[in-house]
Structure formats: structure tokens, C-alpha cells
Amino acid sequence: MSRFFGPVRQNGYVVRDIRAAMDHWINVMGVGPWFYVDRVKTDYFRYKGQDSAVEMSIALANAGDLQIELIQQRNDAPSMYKDFLDAGLEGLQHVAFWSTSYQALYEDCRARGLKVGHEGQIGGPQGRFCYFENTGHPGAVIEISDISGAKGAFFEHIRKAAVDWDGTDPIRTVG
């Protein structure tokens, strides 16, 4: 539990092959079902303050109360995902904290000196997210995410689907 952010709600993995990653989580880890979005539609996406036309696929599932996110970037647009892969890395890239008071949390982070790496919005103003730069330390990137709208309800649906999941219908396409 973070005194600044509350509990870690999501571990985000940047992968080169999202299908293979889902297969691993399903068949080796027993985690699912996965809610898969082949091409995420963002309202906007900015990398270090500049608009970026990032294209990505994501898959979401829960292991208990912890959401697992898999992200595969599909183009070479600037992003922290691309930076991670270009550094020769693959795997855990960020930990996410969720908030229903996003703007206040965002302003607090900025006041404490955190620098925006990339940020965007999905599905309207209550779908904002921000990843802060992690230069100077070897840990995962910090993401904050607004769950005060439809995204929060969707995340709760994913959590509930995992509670008694019996292995059937392991990948559920969204959109």
C-alpha cells in the first residue's frame, strides 16, 4: 500500500507477442479470462508533451484483485512502451494506481516532481491515464488511471469474470 497512491491495482507488461503472452498466462499461470482489444482507440495520446499516433493491442485479466495488462505496440510511434522495447526489455513495465479523484492525484504527482512520460485518454474525460518517467531508478514506471467512469465499471467486470473462471472461453474480444 502506497501512502501516496493507495494499493497497486495493475501490473502492466509490455510484450512483443500478445497472443503468446496470453497463452502463457492462461496455460502456465491459470489466469483469465482475457479481455482483448486488438486496436485501442485513444481520444489522444501524448509522449513527452507531443501528440503521438501510437497503435496498440491490450489484453486485461485479473489474478485476484490485481489486474494484469498485456500491451503490444503495433507501430513505431513514440511512447514509453517503444522506449522499453528499444532498450531490449520485455515484461513488467509499469504498476498502476487507480483513482476516482484523478485530477487531484495528477496535480499531487506533478507537485512532488514526477515528470510525465506519456499520457492519454480513452472513452472520454473519465478515461485519462498518465505514466511518469522513471529515470534515476531501476523500478517499474508509475501509472495513474482514472476509474471514475465507464473504465472503472469495465475493470470491475473483468475482476468479477476471473473470480470463478473455469478455463472456458479464455480470450474474449472486445470491440
Side-chain angles (χ1 to χ4, degrees), residues 2 5-45 52 54-75 77 79-85 89-100 102 105-106 117-132 140-175:
S2 165
F5 302 104
V8 173
R9 299 302 308 269
Q10 178 193 82
N11 282 350
Y13 296 81
V14 173
V15 299
R16 296 179 195 285
D17 183 338
I18 198 166
R19 292 283 181 178
M22 282 189 288
D23 183 66
H24 172 81
W25 280 92
I26 292 164
N27 296 307
V28 175
M29 304 295 288
V31 171
W34 289 88
F35 291 79
Y36 175 68
V37 182
D38 185 58
R39 291 292 192 271
V40 174
K41 292 176 180 59
T42 59
D43 301 336
Y44 68 85
F45 188 95
S52 178
V54 70
E55 295 177 15
M56 62 186 154
S57 299
I58 65 164
L60 302 166
N62 268 60
D65 288 333
L66 181 67
Q67 185 180 87
I68 306 300
E69 180 181 36
L70 306 174
I71 302 164
Q72 180 179 348
Q73 186 162 330
R74 301 291 189 167
N75 66 0
S79 75
M80 291 178 76
Y81 312 131
K82 182 177 181 318
D83 292 348
F84 188 75
L85 293 170
L89 302 170
E90 183 175 16
L92 182 65
Q93 185 258 355
H94 70 268
V95 295
F97 301 91
W98 298 347
S99 178
T100 56
Y102 179 86
L105 180 57
Y106 180 90
H118 74 220
E119 63 186 326
Q121 179 175 292
I122 298 170
Q126 293 176 317
R128 295 171 294 172
F129 60 89
C130 181
Y131 290 56
F132 294 100
V141 167
I142 295 168
E143 177 193 4
I144 60 171
S145 189
D146 188 343
I147 59 156
S148 61
K151 182 169 52 173
F154 181 52
F155 286 178
E156 179 60 14
H157 172 74
I158 293 167
R159 187 193 67 75
K160 286 180 178 177
V163 170
D164 293 317
W165 182 61
D166 63 3
T168 58
D169 195 16
I171 299 173
R172 302 169 187 190
T173 301
V174 177

Engineer: What's the shortest heavy-atom distance between Val15 and Ala21, and which atoms?
Structural biologist: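 Closest approach of Val15 to Ala21, heavy atoms only: CG1-CB, 4.0 Å.
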Engineer: Hey, are the side chains of Ile58 and Glu69 touching, using non-hydrogen atoms and a 4.5 Å cut-off?
Structural biologist: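 When only atoms from C-beta onward are counted, Glu69 and Ile58 do touch, with a gap below 4.5 Å.
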Engineer: Just how far is it from atom CD1 of Ile71 to atom OG of Ser57, taken to the nearest 0.5 Å?
Structural biologist: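 Output value for this atom pair is 10.5 Å.
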Engineer: Nearest 0.5 Å please: distance from the CZ atom of Phe129 over to the CD atom of Gln121.
Structural biologist: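 CD of Gln121 is found 9.0 Å from CZ of Phe129.
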Engineer: Got a donor-acceptor contact below 3.5 angstrom from the Arg16 side chain to the Leu85 backbone?
Structural biologist: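 Confirmed, Arg16 side chain pairs with Leu85 backbone.
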Engineer: Quick check: His118 with Tyr81 (ring centres under 6.0 Å apart)?
Structural biologist: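 They qualify: ring centres under 6.0 Å apart.
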Engineer: State, with a plain yes or no, whether a side-chain heavy atom of Arg128 is found less than 4.5 Å away from one of Ser145.
Structural biologist: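 Contact flag for Arg128/Ser145 side chains = no.
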Engineer: If you look at every heavy atom in Gly149 and Gln126, which pair is closest and at what distance?
Structural biologist: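 Shortest heavy-atom separation between Gly149 and Gln126 comes out as CA-OE1, 3.4 Å.
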Engineer: Name the orientation class of the two ring planes belonging to His94 and Tyr131 (parallel below 30°, tilted from 30 to 60°, perpendicular beyond 60°).
Structural biologist: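 The rings of His94 and Tyr131 stand perpendicular, inter-plane angle above 60°.
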Engineer: For a quick test of reading the model, state the closest non-hydrogen atom pair linking Gln67 to Leu60 and the distance between them.
Structural biologist: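 Minimum heavy-atom separation between Gln67 and Leu60: OE1-CD2, 3.4 Å.
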Engineer: Any non-hydrogen side-chain atom of Arg74 less than 4.5 Å from a side-chain atom of Asp38?
Structural biologist: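 In short, these two side chains touch, coming nearer than 4.5 Å.
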Engineer: To the nearest 0.5 angstrom, please state how far the CD1 atom of Ile144 sits from the CZ atom of Phe97.
Structural biologist: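 One finds 10.5 Å between CD1 of Ile144 and CZ of Phe97.
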Engineer: Report yes or no: does Trp165 contribute a side-chain atom to a donor-acceptor pair with the main-chain N or O of Thr168 at less than 3.5 Å?
Structural biologist: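 Confirmed, Trp165 side chain pairs with Thr168 backbone.
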Engineer: Would a 4.5 Å heavy-atom cut-off, applied to side chains only, mark Tyr102 and Cys130 as touching?
Structural biologist: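 The answer is yes; the side chains approach within 4.5 Å.
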Engineer: Might you work through the side chain to side chain contact (heavy atoms under 4.5 Å, CB included) test for Ile171 and Arg19, ending with a clear yes or no?
Structural biologist: CA-CA 10 Å; Ile171 299 173; Arg19 292 283 181 178; 3.9 Å; yes
Engineer: For residues Tyr13 and Phe84, determine if any side-chain heavy atom of one lies less than 4.5 Å from a side-chain heavy atom of the other.
Structural biologist: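 Counting from C-beta outward, Tyr13 and Phe84 never come under 4.5 Å.
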Engineer: Between Asn11 and Ile68 (side chain of the first, backbone of the second, donor and acceptor by atom type, cut-off under 3.5 Å), is there such a pair?
Structural biologist: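 Checked: no pair found.
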Engineer: Looking at Ala162 and Asn62, what are the two nearest heavy atoms and their distance?
Structural biologist: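 The pair with the smallest heavy-atom distance is CB-O, 3.5 Å.
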Engineer: To the nearest 0.5 Å, what is the distance between NZ on Lys41 and CD on Glu55?
Structural biologist: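 Spacing of NZ (Lys41) from CD (Glu55) equals 10.5 Å.
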Engineer: When rounded to the nearest 0.5 angstrom, what is the spacing between CG in Leu70 and CD in Gln93?
Structural biologist: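 Here the rounded value is 12.5 Å.
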Engineer: What heavy-atom pair brings Phe132 and Val141 nearest, and what distance separates the two atoms?
Structural biologist: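 Smallest interatomic distance, heavy atoms only, reads O-CG1, 3.2 Å.
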Engineer: Describe, in one word, how the ring planes of His157 and Phe35 are oriented to each other, choosing from parallel (under 30°), tilted (30 to 60°) and perpendicular (over 60°).
Structural biologist: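 Perpendicular, since the angle between the ring planes exceeds 60°.
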Engineer: Looking at side-chain heavy atoms only, is the closest gap between Thr42 and Met56 below 4.5 Å?
Structural biologist: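 In contact.
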Engineer: Give, for atom CD1 of Ile147 and atom CD of Gln10, the distance between the pair rounded to the nearest 0.5 Å.
Structural biologist: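 The CD atom of Gln10 is 11.0 Å from CD1 of Ile147, to the nearest 0.5 Å.
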Engineer: What heavy-atom pair brings Ala161 and Arg172 nearest, and what distance separates the two atoms?
Structural biologist: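 Looking at all heavy atoms of both residues, the closest pair is CB-NH1, 4.3 Å.
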